[in-house]
Q: 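Below: one structure in structure tokens.
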2 protein chains.
Amino acid sequence: MDDLTEMLKGTLEGCVLEIIGSEETYGYAVTRQLNELGFADVVEGTVYTILLRLERNGLVRVTKRPSEVGPPRKFYALNEAGREELARFWAKWQYVSSRIDRLKEGGR
Amino acid sequence: MDDLTEMLKGTLEGCVLEIIGSEETYGYAVTRQLNELGFADVVEGTVYTILLRLERNGLVRVTKRPSEVGPPRKFYALNEAGREELARFWAKWQYVSSRIDRLKEGGR
DNA sequence: CTCTACTACTCGGTGATACCGTGTAGTGGT
DNA sequence: ACCACTACACGGTATCACCGAGTAGTAGAG
């Protein structure tokens, strides 16, 4: 699949929220999960900028822990504000995607 | 529904392509159709920038015709390149939306 | 006949977002 | 010693939707 970056704007952050909402994890692993999920071209730098933004916006709790296979990891977990933001994201997604699907089916 | 602009990035242009692909129409009417479709906050300036971009990228045929109720209208229709772009858009949409829905359902 | 509302298009500037490239650094295998 | 993999940070870029203001044409109300 060719370039998806424009279509991911506004949704990739929500995907990262969902991933770290389902289990406490760190940037490198989030990138790998996104790649396996089908977003093969999403690269570490992109995920880290999103994580730093989430931290700056107070949506996550961050815990630094050593790793046995490399540098220390920054583990991210959603706080209450993060869970609310995630819920808002899915509500928006539901709204937008249903309307686009309707447009696709010629429902006008 | 609160602010959808970030989530519409990369998809709104596709929606406009779909609308003018199903029938030759003009900017003001496209805006009204988007509003009725549920994208209530999409405003004329946004649609016109998209239409000018489509024109610049050679995806549309443009015909200026007088109107009985106001200034002349610029009617837009897809050309062959536009139809190909529209098909690519729906393929991308199918790809991205299915994967996001899978993530939502916890399919990891 | 002026004023307002609706129709219709243009354009310069802004903010948000994902991406690119590069740099730094820790661990382990050959 | 070298390389691969892991792990994070950061400055700069392109794209996109949006904002705001401007320019016009028609028609109806007062």
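Order of the sequence lines fixes the chain letters, A, B, ..., with proteins taken first and strands second; residue numbering starts at 1 for each chain.
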Q: Identify, residue by residue, the members of residues 57-82 of chain B with a heavy atom below 4.0 Å from DNA chain C, and return them in order of residue number, or none.
A: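 Contacting residues: B:S67, B:V69, B:P71, B:P72, B:R73, B:K74.
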Q: Who passes salt bridge (Lys or Arg N to Asp or Glu O under 4.0 Å) against A:K92, sequence neighbours left out?
A: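 None.
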Q: Taking only residues two or more places apart in sequence, or in another chain, which ones meet A:Q94 in a side-chain hydrogen bond (donor to acceptor under 3.5 Å, both in side chains)?
A: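 Partners of A:Q94 by the side-chain hydrogen bond (donor to acceptor under 3.5 Å, both in side chains) criterion come out as none, since no residue qualifies.
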Q: Output a table of donor-acceptor pairs, distance under 3.5 Å, between side-chain atoms of residues 5-17 of chain B and any protein atom two or more places apart or on a different chain; print 'none' if there are none.
A:
| from | atom 1 | to | atom 2 | distance (Å) |
| --- | --- | --- | --- | --- |
| B:E6 | OE1 | B:K9 | NZ | 3.3 |
| B:T11 | OG1 | B:L8 | O | 2.9 |
| B:E13 | OE1 | B:R53 | NE | 3.0 |
| B:E13 | OE1 | B:R53 | NH2 | 2.8 |

Q: Counting only pairs under 3.5 Å, give me each side-chain donor-acceptor contact of residues 82-91 of chain B, with atom names and distances, residues two or more places apart or in other chains.
A:
| from | atom 1 | to | atom 2 | distance (Å) |
| --- | --- | --- | --- | --- |
| B:R83 | NH1 | B:L78 | O | 3.4 |
| B:R83 | NH2 | B:E80 | OE1 | 3.1 |
| B:E85 | OE1 | B:R88 | NE | 3.3 |
| B:E85 | OE1 | B:R88 | NH2 | 2.7 |
| B:W90 | NE1 | B:E18 | OE1 | 2.9 |

Q: Could you name each residue pair satisfying ring pair (Phe, Tyr, Trp, His ring centres under 6.0 Å) that touches residues 33-58 of chain A, not counting sequence neighbours?
A: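 Applying ring pair (Phe, Tyr, Trp, His ring centres under 6.0 Å) to every pair that reaches into residues 33-58 of chain A, excluding sequence neighbours, yields nothing.
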Q: Side chain to side chain contact (heavy atoms under 4.5 Å, CB included) between A:Q33 and A:I20: does it pass, once the steps are laid out?
A: CA-CA 11 Å; A:Q33 283 187 59; A:I20 69 180; over 6 Å; no
Q: Earliest and latest nucleotide of DNA chain C, 5' to 3', sitting under 4.0 Å from a non-hydrogen atom of chain B?
A: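 First and last nucleotides in contact are C:dT7 to C:dT17.
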Q: Using the side-chain hydrogen bond (donor to acceptor under 3.5 Å, both in side chains) criterion, which residues pair with A:N79? Sequence neighbours excluded.
A: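 Residues passing side-chain hydrogen bond (donor to acceptor under 3.5 Å, both in side chains) with A:N79: none at all.
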Q: Using atom names, set out every protein N or O paired with an N or O of nucleotides 15-23 of chain D below 3.5 Å, distance rounded to 0.1 Å.
A:
| from | atom 1 | to | atom 2 | distance (Å) |
| --- | --- | --- | --- | --- |
| D:dT15 | O2 | A:K9 | NZ | 2.6 |
| D:dC16 | O2 | B:K9 | NZ | 3.0 |
| D:dA17 | OP1 | B:E13 | N | 3.3 |
| D:dA17 | OP2 | B:R53 | NH2 | 2.5 |
| D:dC18 | OP2 | B:T46 | OG1 | 3.2 |

Q: With sequence neighbours left out, what residues match A:R65 under side-chain hydrogen bond (donor to acceptor under 3.5 Å, both in side chains)?
A: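 side-chain hydrogen bond (donor to acceptor under 3.5 Å, both in side chains) list for A:R65, sorted by chain: A:E24.
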Q: Would you mind listing every ring pair (Phe, Tyr, Trp, His ring centres under 6.0 Å) that reaches into residues 50-80 of chain A, with sequence neighbours excluded?
A: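 The answer is A:Y26-A:F75.
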Q: Among residues at least two apart in sequence or on other chains, which ones pass side-chain hydrogen bond (donor to acceptor under 3.5 Å, both in side chains) with A:E44?
A: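 By the side-chain hydrogen bond (donor to acceptor under 3.5 Å, both in side chains) rule, A:E44 matches no residue at all.
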Q: Rounded to whole Å, please give me the gap between CG in A:L51 and P in D:dA9.
A: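 Going from A:L51 (CG) to D:dA9 (P), I get 9 Å.
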